[in-house]
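Here's the structure, in structure tokens; my notes come after.
Here the structure is a predicted model, which is why all the values come from computation and not from measurement. Numbers for residues simply follow the sequence, beginning at 1.
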Amino acid sequence: MKDVLTIGGKELHNRLFVGTGKFADHKQMGEAITASESQVVTVALRRVNMEAKEEDILTDIPDHITLMPNTSGARTAEEAIRIARLAKAVGMGNWIKIEVISDHKYLLPDNEETTKATEVLAKEGFVVLPYMSPDLMAAKRMRDAGAAAIMPLGAPIGSNKGIRMKEMIQIMIDEMDLPIVVDAGIGKPSEAAEAMEMGADAVLVNTAIATAADPVQMARAFDLAVKAGRIGYLSGLGPVSMKAHASSPLTGFLG
């Protein structure tokens with residue numbers, strides 16, 4: 001069965017997106033990306049050093065990967081737009097993950113400023129994936145502004161708390177006609193599988209992989225979990241019942 005996720009005209013066969021922060025070094029990061037089999041990797045522009053190739057994070061990202069620079073550090077729509085344009089100017093392509101965060105305690109995204117940035121950049125030809133606090137109406141406004149996919153947080157970024165916003169994300173999955181990529185907070189492979197079983201189109205994982213005792217093995221685990229969750233969703237999960245139901249007949253065997 002062919003199961004392809006299409007975003008911005010690009011066909012993706014792997015639904016695990018990964019990040020590049022918090023790894024011990026660039027070599028470990030590159031090995032984890034390879035182990036994950038991911039086709040989309042997000043990277044903060046401020047971590048790219050185009051002048052010193054030996055220090056440039058991009059040198060350890062496989063060539064076949066679609067780069068999705070993010071606007072980490074932006075506090076307003078204007079700052080996010082400027083970062084996106086810089087990323088494109090230095091050759092990082094036209095995919096962009098919009099992050100606009102002015103809340104320094106919980107690092108929650110500003111949905112209104114994110115929508116403003118999405119509208120401007122989508123009109124300029126960017127493939128825009130906005131990172132946002134789960135809210136159906138905000139997601140619809142981002143869609144109308146030109147977003148190619150929506151990336152709701154599962155829990156505060158970097159927390160590894162899991163999918164704490166499950167009900168809100170489920171509403172978005174059920175009601176939106178754009179791909180939903182669960183981003184931030186996923187801490188275990190089982191939680192990535194849970195997101196996929198819910199019907200999410202993809203997940204983005206960084207902290208849970210990079211901070212594991214063995215990031216490379218953890219990247220493999222997340223790859224398998226995402227695939228298993230997706231197959232489970234496509235297979236059609238069995239109904240949930242409040243009663244017990246025997247899987248084999250209980251009568252007639254001894255009679």
Side-chain angles (χ1 to χ4, degrees), residues 1-23 28-43 60-68 95 97 127 129 131 134 148-155 157 160-166 169-170 172-174 176-240:
M1 179 178 61
K2 184 178 181 181
D3 180 35
V4 176
L5 170 61
T6 302
I7 297 178
K10 185 179 293 290
E11 291 190 347
L12 303 172
H13 300 275
N14 190 298
R15 293 169 182 264
L16 171 62
F17 299 178
V18 297
T20 53
K22 303 183 181 180
F23 287 96
Q28 183 188 73
M29 176 205 70
E31 291 174 350
I33 291 172
T34 298
S36 74
E37 298 189 8
S38 178
Q39 294 173 271
V40 178
V41 171
T42 187
V43 59
D60 291 285
I61 297 177
D63 292 338
H64 70 278
I65 293 292
T66 294
L67 290 177
M68 182 170 62
W95 279 48
K97 174 187 171 184
V127 176
L129 291 85
Y131 168 62
I150 304 293
M151 303 182 74
L153 61 85
I157 192 168
N160 282 351
K161 287 184 175 181
I163 308 175
R164 296 298 181 93
M165 303 296 290
K166 183 174 181 177
I169 293 173
Q170 187 67 68
M172 293 174 58
I173 291 170
D174 293 343
M176 292 294 295
D177 53 358
L178 281 184
I180 301 297
V181 181
V182 179
D183 180 12
I186 291 176
K188 303 172 185 176
S190 59
E191 292 162 355
E194 179 184 15
M196 301 308 296
E197 288 170 351
M198 289 167 59
D201 295 280
V203 299
L204 193 155
V205 181
N206 185 181
T207 300
I209 294 175
T211 61
D214 187 337
V216 177
Q217 283 291 81
M218 186 60 75
R220 292 193 182 100
F222 269 100
D223 173 43
L224 295 172
V226 168
K227 289 173 178 173
R230 178 64 179 176
I231 294 172
Y233 170 74
L234 293 176
S235 300
L237 301 176
V240 175

Note, V41 side chain near M68 side chain (heavy atom, < 4.5 Å): no
I'd like to know if the side chain of Q39 and the backbone of N14 have a donor-acceptor N/O pair within less than 3.5 Å. yes
Considering only heavy atoms from C-beta outward, does the side chain of L153 approach that of P134 to under 4.5 Å? yes
Let me see the working for I186 and F222 under side chain to side chain contact (heavy atoms under 4.5 Å, CB included), right down to the final yes or no. CA-CA 10 Å; I186 291 176; F222 269 100; 3.8 Å; yes
In Å, rounded to the nearest 0.5 Å, how long is the span from CG of L5 to NZ of K10? 12.0 Å
Name every donor-acceptor pair, under 3.5 Å, that has one atom in a side chain of residues 207-220 and the other anywhere in the protein, sequence neighbours excluded.
{"unit_1": "T207", "atom_1": "OG1", "unit_2": "K22", "atom_2": "NZ", "d": "3.0"}
{"unit_1": "T211", "atom_1": "OG1", "unit_2": "T207", "atom_2": "O", "d": "2.6"}
{"unit_1": "D214", "atom_1": "OD1", "unit_2": "V216", "atom_2": "N", "d": "3.3"}
{"unit_1": "D214", "atom_1": "OD1", "unit_2": "Q217", "atom_2": "N", "d": "3.1"}
{"unit_1": "Q217", "atom_1": "OE1", "unit_2": "R220", "atom_2": "NH1", "d": "2.3"}

Locate the shortest heavy-atom distance separating G199 from Y233; write the atom from each residue and the value. CA-CE1, 3.5 Å
Between I65 and I33, is any pair of side-chain heavy atoms under 4.5 Å apart? yes
Assess whether side chain to side chain contact (heavy atoms under 4.5 Å, CB included) is satisfied between L204 and V182, documenting all intermediate values. CA-CA 6 Å; L204 193 155; V182 179; over 6 Å; no
Does any non-hydrogen side-chain atom of P152 lie less than 4.5 Å from one of M172? yes
Could you list the residues that satisfy salt bridge (Lys or Arg N to Asp or Glu O under 4.0 Å) with D201, not counting sequence neighbours? none
Under the rule for side chain to side chain donor-acceptor pair (under 3.5 Å), what residues qualify as partners of N206, not counting sequence neighbours? none
Just jot down the side chain to side chain contact (heavy atoms under 4.5 Å, CB included) partners of I157, sequence neighbours excluded, or say none. L107, Y131, A184
What salt bridge (Lys or Arg N to Asp or Glu O under 4.0 Å) pairs are there with at least one residue in residues 225-237, not counting sequence neighbours? D3-R230, E37-K227, D223-K227
Applying side chain to side chain contact (heavy atoms under 4.5 Å, CB included), can you list everything that pairs with T34, at least two apart in sequence or on another chain? P62
State, yes or no, whether a side-chain contact exists between V181 and V203 at a heavy-atom distance under 4.5 Å. no
D174: what forms a side chain to side chain contact (heavy atoms under 4.5 Å, CB included) with it, not counting sequence neighbours? Q170
To the nearest 0.5 Å, how far apart are CE in M29 and OG1 in T20? 6.5 Å
Start with the C-alpha gap between V40 and L12, add the side-chain angles, then the distance that decides, and say whether side chain to side chain contact (heavy atoms under 4.5 Å, CB included) holds. CA-CA 8 Å; V40 178; L12 303 172; 3.8 Å; yes
By salt bridge (Lys or Arg N to Asp or Glu O under 4.0 Å), D177 pairs with (sequence neighbours left out) R143
Trace of the side chain to side chain contact (heavy atoms under 4.5 Å, CB included) decision for D183 with F17: CA-CA 9 Å; D183 180 12; F17 299 178; over 6 Å; no
Taking only residues two or more places apart in sequence, or in another chain, which ones meet T42 in a side chain to side chain donor-acceptor pair (under 3.5 Å)? N70
Provide the closest heavy-atom pair for A149 versus I7 in the form atom of the first, atom of the second, distance. CB-CD1, 4.2 Å
Output all residues satisfying side chain to side chain contact (heavy atoms under 4.5 Å, CB included) with A155, sequence neighbours left out; order by chain, then residue number. S159, K161, R164
Donor-acceptor contacts under 3.5 Å from residues 188-198 side chains, at least two apart:
{"unit_1": "E191", "atom_1": "OE1", "unit_2": "G187", "atom_2": "N", "d": "2.7"}
{"unit_1": "E191", "atom_1": "OE1", "unit_2": "K188", "atom_2": "N", "d": "3.0"}
{"unit_1": "E194", "atom_1": "OE2", "unit_2": "K166", "atom_2": "NZ", "d": "2.9"}

